[in-house]
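Each remark here refers to the structure printed beneath this line.
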Amino acid sequence: MGLFGGLFGGSSNTEKEEKTVPWINLHSLAQLDKIQEESKGRTQVIFKHSTTCGISRMVLNMFSSGYNLEADQLDLYFLDLHAHRDVSNETAVKFQVIHQSPQLLVIKNGTTVFHASHGAISEVSLEQYV
């Protein structure tokens with residue numbers, strides 16, 4: 001929407017419809033076992049986010065605005081690492097990655113096939129892992 005459209009409530013028919021990111025809240029240790037098992041049939045992705053970090057917020061916004069997959073293509077988990085520190089710690093152990101924040105993990109066949117942190121997250125093409 002252009003500047004004046006935003007100010008005066010107008011809209012354009014050529015605007016791209018925003019896609020909602022189909023987040024699944026990751027809040028329990030048991031979900032990690034489920035993610036590992038489900039990854040044998042469908043790609044699982046974990047986005048670890050720090051609610052107190054401006055960089056993490058910026059990366060989350062960039063990731064969300066560029067997300068273009070359908071909900072049935074993969075499972076996308078959102079982990080608030082401050083609210084669920086135990087889950088965050090176990091994620092690093094179970095999927096054999098060094099903890100970073102923000103961090104994106106792609107899990108297939110029970111193991112991490114890709115992970116990235118900070119600005120590198122916005123460069124990831126998840127389509128190649130579906």
Side-chain angles (χ1 to χ4, degrees):
M1 180 180 310
L3 174 63
F4 293 111
L7 289 174
F8 300 111
S11 65
S12 167
N13 290 338
T14 61
E15 286 182 43
K16 181 180 167 187
E17 193 174 311
E18 282 191 42
K19 185 171 278 216
T20 303
V21 179
W23 295 116
I24 300 167
N25 187 25
L26 178 51
H27 55 84
S28 75
L29 294 172
Q31 285 177 286
L32 295 177
D33 290 333
K34 179 182 179 197
I35 289 169
Q36 191 170 41
E37 187 59 34
E38 293 288 323
S39 75
K40 294 174 183 173
R42 177 173 156 134
T43 302
Q44 307 290 296
V45 176
I46 299 172
F47 189 103
K48 292 172 57 179
H49 172 62
S50 170
T51 56
T52 60
C53 175
I55 292 172
S56 191
R57 171 60 56 193
M58 179 183 69
V59 170
L60 175 62
N61 289 339
M62 289 185 337
F63 177 84
S64 296
S65 67
Y67 188 82
N68 61 359
L69 296 175
E70 298 298 322
D72 64 348
Q73 291 183 278
L74 53 77
D75 293 325
L76 183 60
Y77 288 85
F78 180 86
L79 174 58
D80 175 343
L81 63 94
H82 290 294
H84 306 289
R85 179 69 69 182
D86 59 336
V87 178
S88 178
N89 291 340
E90 185 60 24
T91 298
V93 172
K94 184 174 221 47
F95 297 112
Q96 300 178 350
V97 295
I98 296 173
H99 163 76
Q100 296 186 56
S101 170
Q103 187 173 37
L104 185 80
L105 289 77
V106 179
I107 315 297
K108 289 187 80 158
N109 298 315
T111 62
T112 304
V113 295
F114 177 83
H115 64 96
S117 67
H118 297 82
I121 292 172
S122 63
E123 299 170 11
V124 174
S125 174
L126 289 176
E127 293 86 2
Q128 66 185 328
Y129 299 104
V130 175

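Just so it is clear, the values below take in all heavy atoms, side chains as well, and ignore hydrogens, waters and symmetry mates.
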Could you list the residues that satisfy side chain to side chain contact (heavy atoms under 4.5 Å, CB included) with Ser28, not counting sequence neighbours?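 Only Ala30, Gln31 meet the side chain to side chain contact (heavy atoms under 4.5 Å, CB included) criterion with Ser28.
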For Asp72, check side chain to side chain contact (heavy atoms under 4.5 Å, CB included) against everything at least two apart and list the hits.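 For Asp72 the side chain to side chain contact (heavy atoms under 4.5 Å, CB included) partners, ignoring immediate neighbours, are Arg42, Glu70.
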Apply side-chain contact (heavy atoms from CB on, under 4.5 Å) to the pair Leu26 and His84, showing each step before the final yes or no. CA-CA 8 Å; Leu26 178 51; His84 306 289; over 6 Å; no
With sequence neighbours excluded, tell me which residues meet salt bridge (charged side-chain N to carboxylate O under 4.0 Å, His left out) with Lys40.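 Counting only residues at least two positions away or on another chain, Lys40 forms a salt bridge (charged side-chain N to carboxylate O under 4.0 Å, His left out) with Glu37.
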Does any part of the side chain of [Y], heavy atoms only, come nearer than 4.5 Å to the side chain of [X], both counted from C-beta?
| X | Y | answer |
| --- | --- | --- |
| Phe47 | Ile121 | yes |
| Thr91 | Leu81 | no |
| Phe78 | Asp80 | yes |
| Val45 | Asp75 | no |
| Trp23 | Ser64 | yes |

Partners meeting side-chain hydrogen bond (donor to acceptor under 3.5 Å, both in side chains) with Ser117 (sequence neighbours left out):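 side-chain hydrogen bond (donor to acceptor under 3.5 Å, both in side chains) list for Ser117, sorted by chain: Gln100.
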Test: salt bridge (Lys or Arg N to Asp or Glu O under 4.0 Å). Region: residues 83-92. Which pairs qualify, not counting sequence neighbours?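 Checked against salt bridge (Lys or Arg N to Asp or Glu O under 4.0 Å) - neighbours excluded - no pair reaches residues 83-92.
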Check each of Leu104, Ile35, Leu76 against Ile46 using the side-chain contact (heavy atoms from CB on, under 4.5 Å) test, and report the only one that passes.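 The single option meeting the side-chain contact (heavy atoms from CB on, under 4.5 Å) with Ile46 is Ile35.
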Which atom pairs, donor and acceptor, lie under 3.5 Å between side-chain atoms of residues 92-99 and protein residues at least two apart or in another chain?
{"from": "Lys94", "atom 1": "NZ", "to": "Asp33", "atom 2": "OD1", "distance (Å)": "2.8"}
{"from": "Lys94", "atom 1": "NZ", "to": "Gln36", "atom 2": "OE1", "distance (Å)": "3.4"}
{"from": "His99", "atom 1": "ND1", "to": "Lys48", "atom 2": "NZ", "distance (Å)": "2.9"}

Would you say Thr43's side chain and Lys108's backbone share a donor-acceptor pair under 3.5 angstrom?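 Not confirmed, Thr43 side chain does not pair with Lys108 backbone.
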Taking distance alone, no hydrogens or angles, what donor-acceptor pairs closer than 3.5 Å link side-chain atoms of residues 123-130 to residues at least two apart or in another chain?
{"from": "Ser125", "atom 1": "OG", "to": "Glu127", "atom 2": "OE1", "distance (Å)": "2.7"}
{"from": "Glu127", "atom 1": "OE2", "to": "Asn68", "atom 2": "ND2", "distance (Å)": "3.4"}
{"from": "Gln128", "atom 1": "NE2", "to": "Ser125", "atom 2": "O", "distance (Å)": "3.4"}

Side-chain heavy atoms nearer than 4.5 Å, only ILVMFWY residues, links allowed to pass through others: does that put Tyr77 and Ile107 together?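 In one cluster: yes.
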In terms of hydrophobic clustering (I, L, V, M, F, W, Y; side-chain heavy atoms under 4.5 Å; direct or indirect links), are Val106 and Leu79 co-clustered?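 Hydrophobic grouping puts Val106 apart from Leu79.
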Would you be so kind as to tabulate the donor-acceptor pairs closer than 3.5 Å made by side chains of residues 54-62, with sequence neighbours excluded?
{"from": "Ser56", "atom 1": "OG", "to": "His49", "atom 2": "ND1", "distance (Å)": "2.7"}
{"from": "Ser56", "atom 1": "OG", "to": "Ser50", "atom 2": "N", "distance (Å)": "3.1"}
{"from": "Asn61", "atom 1": "ND2", "to": "Arg57", "atom 2": "O", "distance (Å)": "3.4"}

